[in-house]
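Step one of this worksheet: look at the structure below.
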Amino acid sequence: MKAAFKHGFMLICAAYISLPIVIVCLSALNGGRSMLFPPKDPTLARFGEFFISEPVWLRSLENSVIVALASATLAVLITWPIAYDQWKRNTPLSRALTGLAGLPFALPPIVFGVGLSFLWTFVGGLGNIFTGILSHTALLAALPLVTISIGLQSIDKYHLDAAQTMGADEATILRTIILPQTLSYTLSGFFFVVVLSFHEFIVIFFVSASAYSTVTLQIFNSLRNGFTPTMAVGAITFLLVSIAVFSAVARYGDLPRLLGADPARKDT
């Protein structure tokens with residue numbers, strides 16, 4: 001009886017979560033310009049508009065991809081040395097840099113976005129896509145910082161001791177032991193930034209100053225003309241990117257440890 005109740009409750013939760021997604025996905029099939037459910041005159045033409053024929057959506061998608069990949073790359077390149085130095089030496093400077101790197105993610109996005117808009121206005125970079133990349137890098141740097149730190153902490157100390165005993169220097173140990181063993185954690189942090197940057201709206205809204213649009217901004221701008229099926233295609237794109245990234249992390253990374261599981265705990 002208890003098991004049946006448990007499975008029934010989980011089924012209800014799954015249906016509650018999935019139902020809005022199903023409605024949005026089916027709404028993208030509308031043949032007209034209105035987002036109706038159930039869809040009328042089902043067609044895949046809206047997908048063609050989003051990915052092929054509509055310049056506005058194509059530019060928005062291109063900007064989203066550029067900002068997400070560039071900010072993820074910068075975030076990893078910046079936080080890897082910080083995480084490594086804290087793990088290796090744990091100096092006051094490394095602890096201070098770790099705190100600073102994680103601070104923007106802890107702030108309310110609207111507060112951080114307003115602050116960045118004043119900063120980029122002062123230096124003359126407001127509305128430049130490069131400043132959008134830097135803004136997302138600062139906002140999301142905490143993610144690879146955490147995943148890389150978890151990866152470094154998971155390294156078996158016996159491997160490091162054995163390498164030092166055999167005469168390997170620090171650079172060789174870094175190249176042959178540390179980097180390979182933390183690769184999955186580094187990639188996990190990279191893809192977490194990609195997904196959140198792709199979805200993020202508030203900060204990019206302030207720093208773009210309507211000079212360019214990402215997909216999220218374009219969806220918001222399109223709301224002035226009502227809900228359209230093309231907007232639903234954008235939502236589906238977000239969904240597919242998220243599923244692909246998190247499935248890859250679950251398949252090739254240490255997802256339980258990234259979610260906070262204690263590796264020393266054994267199920268009894």
Side-chain angles (χ1 to χ4, degrees), residues 56 59-86 90-150 185-186 188-224 231 234-235 237-238 241-242 245-246 258 260:
V56 172
R59 283 195 300 269
S60 300
L61 181 60
E62 180 182 357
N63 290 335
S64 290
V65 172
I66 291 173
V67 171
L69 293 179
S71 60
T73 302
L74 283 176
V76 169
L77 292 176
I78 291 171
T79 57
W80 219 105
I82 297 174
Y84 179 76
D85 188 65
Q86 186 186 27
N90 195 25
T91 62
L93 177 60
S94 65
R95 291 194 295 271
L97 291 175
T98 299
L100 289 175
L103 181 60
F105 195 74
L107 292 174
I110 192 168
V111 173
F112 190 61
V114 171
L116 285 176
S117 68
F118 282 113
L119 171 64
W120 298 133
T121 299
F122 179 76
V123 301
L126 190 66
N128 190 303
I129 194 170
F130 181 66
T131 58
I133 293 170
L134 293 180
S135 300
H136 272 191
T137 300
L139 175 65
L140 304 173
L143 299 175
L145 181 64
V146 170
T147 61
I148 293 168
S149 297
I150 292 174
Y185 297 91
T186 303
S188 296
F190 175 87
F191 286 119
F192 286 159
V193 175
V194 168
V195 170
L196 266 69
S197 175
F198 206 67
H199 287 71
E200 204 278 327
F201 167 76
I202 297 175
V203 171
I204 204 70
F205 173 79
F206 283 103
V207 302
S208 67
S210 301
Y212 60 90
S213 290
T214 59
V215 173
T216 51
L217 286 177
Q218 187 57 40
I219 290 176
F220 177 78
N221 293 333
S222 299
L223 287 174
R224 301 168 185 169
M231 295 167 54
T237 303
F238 290 148
V241 170
S242 301
V245 167
F246 291 126
L258 290 173

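Put simply, the residue from Val193, Thr216, Leu139, Thr214 that forms a side chain to side chain contact (heavy atoms under 4.5 Å, CB included) with Glu200 is Leu139. The one candidate from Ile148, Val245, Leu69, Leu143 that meets the side chain to side chain contact (heavy atoms under 4.5 Å, CB included) condition with Phe190 is Leu69.
Here the side chain of Asn221 pairs a donor or acceptor atom with the backbone of Leu217 at under 3.5 angstrom. Checking side-chain atoms of Ser208 against main-chain N and O of Ser213 turns up no donor-acceptor pair under 3.5 Å. Checking side-chain atoms of Thr147 against main-chain N and O of Thr186 turns up no donor-acceptor pair under 3.5 Å.
Once rounded to the nearest 0.5 Å, the distance linking OG1 of Thr79 with CG of Leu145 reads 5.5 Å. In this structure, CD in Gln218 is found 4.0 Å from OG in Ser60, a value given to the nearest 0.5 Å. Note: Leu134 CG to Ile129 CD1 = 11.5 Å, rounded to the nearest 0.5 Å. Between Leu140 atom CG and Ser197 atom OG the span is 6.0 Å, to the nearest 0.5 Å. With rounding to the nearest 0.5 angstrom, the CD1 atom of Ile82 is 14.0 Å from the CZ atom of Arg95. In this structure, CZ in Phe130 is found 8.0 Å from OG1 in Thr137, a value given to the nearest 0.5 Å.
In terms of heavy-atom proximity, Pro144 sits nearest to Val76 at CB-CG2, 4.0 Å. In terms of heavy atoms, Ile133 sits closest to Val67 at CG1-CA, 3.9 Å. Taking each heavy atom of Ala209 and Leu126 in turn, the nearest pair found is CB-CG, 3.8 Å. For the pair Ala235 and Ile219, the tightest heavy-atom approach, listed with the atom from each and the gap, is N-CD1, 4.5 Å. Across Ala83 and Ser149, no two heavy atoms sit closer than the pair CB-OG, 3.6 Å. The two residues Gln86 and Ser94 make their nearest non-hydrogen contact at CA-OG, 3.5 Å.
Thr73 meets the side-chain hydrogen bond (donor to acceptor under 3.5 Å, both in side chains) test with no other residue; sequence neighbours excluded. Residues satisfying the side-chain hydrogen bond (donor to acceptor under 3.5 Å, both in side chains) test with Tyr212, not counting sequence neighbours, are none.
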Quick one: do Phe246 and Phe192 satisfy side chain to side chain contact (heavy atoms under 4.5 Å, CB included)? Show the steps, please. CA-CA 8 Å; Phe246 291 126; Phe192 286 159; 3.3 Å; yes

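Annotation for Phe205: atom CZ does not count as buried by contact number, only 12 or fewer foreign heavy atoms lying within 6.0 Å.
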For residues 100-120, dump all side-chain donor-acceptor pairs below 3.5 Å to protein atoms at least two apart in sequence or in another chain.
{"residue": "Ser117", "atom": "OG", "partner": "Val114", "partner atom": "O", "Å": "2.6"}
{"residue": "Trp120", "atom": "NE1", "partner": "Ser135", "partner atom": "OG", "Å": "2.9"}

